[in-house]
Student: 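Quick one: structure below, then a few questions.
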Protein chains: 2
Amino acid sequence: MSFSAPESLSEQIARYLAQRIIQGQLKSGERIQETRVVSELEVSRGSVREALLILESRHLIDILPRRGAVVAMLTEEGVRSLYDLYIHLLTMLAQNVAKHWNDHNIQPLLAQVHAIQALQQSDDKMAFVESGFVLMRMAFAVAGNQYLADILEDLQPVLHRTYSLAIRRSPHETEYAARFFAGLMDAVLSRNQDALPGLLQDYGRHQRELVLAAMAEEACPCV
Amino acid sequence: MSFSAPESLSEQIARYLAQRIIQGQLKSGERIQETRVVSELEVSRGSVREALLILESRHLIDILPRRGAVVAMLTEEGVRSLYDLYIHLLTMLAQNVAKHWNDHNIQPLLAQVHAIQALQQSDDKMAFVESGFVLMRMAFAVAGNQYLADILEDLQPVLHRTYSLAIRRSPHETEYAARFFAGLMDAVLSRNQDALPGLLQDYGRHQRELVLAAMAEEACPCV
């Protein structure tokens, strides 16, 4: 049995605001006013300021001197940069898992890949998106690089934001993604490290293009 | 002429504490008591709490539930993980610079490599260490990936910490490092992307071994 420590108040506020950004209720460039969050959630100003620092380290907002917090812009260049980096880091993660897995520590990952297959036809697309990130987090324990885990954890919210945008507009994407996870797991299980960069680059390119298409549609709802 | 925004109070406190960790005055596992920092620096508790969150995102401290902030431990496994990741990211950075430099944007980097050569014989070893990080930051502007820049910026303090430890014990290291920077710049200038992974892996391995040796000596000053 494991106990996890209760989240700090600032972490809870950060998660609440992160959800609103990920779900698209707070838009790129929109100001987040400290005083409004304070009165809306009935929390102290100090906790809100801490929550904003947490969100900044998770790439969801920018804190500008004398202007305060604004929701980070999603630009084409930014999305390209994000996926370039993400695929580099995911490849490193997958290669470390391929190197370090054993019959015991791989079990939760196998179960999660099955859970992902089961979810691909579900109407709950957001549950599907989250199931992929759960697999990534399980991989941290096998890969054994805490810095890599921390950095991917900090990138997860902005990836959650971009991928949610893509899935809202391309619901059949889940079938492609479920196939990718199955193929990835095969390569990891056969310790086929050479196959991993290509697999992940294809996946990254595919997801990046979906996100860019969704951003273009959102910018011009007329089409 | 460029104006930079004044640093926030919490950023100033974070920098002050970071310096003390980097210089080794605050040791691995040592507790950082909020109330003590509050009275020592005569600042508010809120600013100190914000500074601690900044230091956590820079991998210098851990904030433990119900125990507060402690200086992050440097372990052998941690240092291996850190340099694995650092070299991956530096390779990505150097490859992007090799791809995107032009006659105009490369000038500050060339000047900085000369400054590094001039500093290698100086007694001010800490100025030398910092000059390498200045080059890395100049590379961000050419490489053009803001996420990569943010993540390397967040890793910089812990790398500053480990490298300072190594240089304090191996002062002649500066000559090796100066040669490395010159060779790296040659490969970048000739857009020789294939040479970069090998060059950077050698450098990473070398620096990692210096750090591990310094850690072993520090753990057993008897030898």
Side-chain angles (χ1 to χ4, degrees), chain A residues 3-11 14 44-59 62-67 72-73 75 77-89 91-93 95-96 99 140 143-155 158-159, chain B residues 3-11 14 44-59 62-67 72-73 75 77-89 91-93 95-96 99 140 143-155 158-159:
Chain A
F3 291 91
S4 57
E7 272 182 355
S8 69
L9 179 59
S10 44
E11 181 63 43
S44 70
R45 186 155 180 159
S47 327
V48 175
R49 290 177 60 94
E50 288 175 29
L52 295 177
L53 281 171
I54 293 172
L55 290 174
E56 187 183 36
S57 72
R58 291 181 190 155
H59 312 277
D62 295 315
I63 301 179
L64 308 173
R66 283 183 295 270
R67 278 201 48 213
M73 299 296 286
T75 62
E77 192 192 340
V79 168
R80 290 186 187 281
S81 296
L82 175 65
Y83 278 91
D84 258 9
L85 178 64
Y86 181 40
I87 294 312
H88 263 86
L89 296 175
T91 303
M92 192 179 162
L93 180 70
Q95 287 181 325
N96 282 353
K99 216 184 291 175
F140 295 161
N145 185 323
Q146 192 56 49
Y147 293 96
L148 178 61
D150 286 350
I151 284 170
L152 278 167
E153 192 65 51
D154 280 346
L155 283 175
V158 62
L159 291 160
Chain B
F3 291 91
S4 57
E7 273 182 354
S8 70
L9 179 59
S10 45
E11 180 63 44
S44 70
R45 186 155 179 159
S47 329
V48 174
R49 289 176 62 94
E50 288 175 30
L52 294 176
L53 282 172
I54 292 172
L55 289 173
E56 188 183 35
S57 72
R58 292 180 190 157
H59 312 277
D62 294 315
I63 301 179
L64 308 173
R66 283 184 295 271
R67 279 199 50 213
M73 300 294 288
T75 62
E77 193 193 338
V79 168
R80 289 187 187 282
S81 297
L82 175 64
Y83 279 91
D84 260 9
L85 178 64
Y86 180 40
I87 295 312
H88 263 86
L89 296 175
T91 303
M92 193 180 161
L93 180 69
Q95 287 180 326
N96 281 353
K99 216 183 294 174
F140 294 162
N145 184 323
Q146 191 57 48
Y147 293 96
L148 178 62
D150 285 350
I151 284 171
L152 278 167
E153 192 66 51
D154 279 346
L155 282 175
V158 62
L159 291 160

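The chains referred to below are lettered A, B, ... by the order of the sequence lines, with proteins before strands, and numbering in each begins at 1.
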Student: Drop me the distance from A/Ser57's OG to B/Glu56's CD, to the nearest 0.5 angstrom.
Tutor: 8.0 Å
Student: Below 4.5 Å from any heavy atom of chain B, which atoms of A/Leu53 appear? Answer side chain, backbone, both or neither.
Tutor: side chain
Student: Heavy-atom cut-off 4.5 Å, strictly under: side chain, backbone, both or neither for B/Leu155 against chain A?
Tutor: side chain
Student: Identify which of A/Ile151, A/Leu64, A/Ile63, A/Leu89 forms the greatest number of heavy-atom pairs closer than 4.5 Å to chain B.
Tutor: A/Ile151
Student: By a 4.5 Å heavy-atom criterion (distance strictly below it), what part of B/Asp154 contacts chain A: side chain, backbone, both, or neither?
Tutor: neither
Student: At a 4.5 Å cut-off on heavy atoms, which part of B/Glu77 comes close to chain A: side chain, backbone, both, or neither?
Tutor: side chain
Student: Using 0.5 Å steps for rounding, measure from the CE atom of A/Met92 to the NE2 atom of B/His88.
Tutor: 5.0 Å
Student: Using non-hydrogen atoms and a 4.5 Å limit, figure out which bit of A/Asp84 sits close to chain B: side chain, backbone, both or neither.
Tutor: both
Student: Do you know which two heavy atoms are closest between B/Gly144 and A/Ser81, and how far apart they sit?
Tutor: O-OG, 3.6 Å
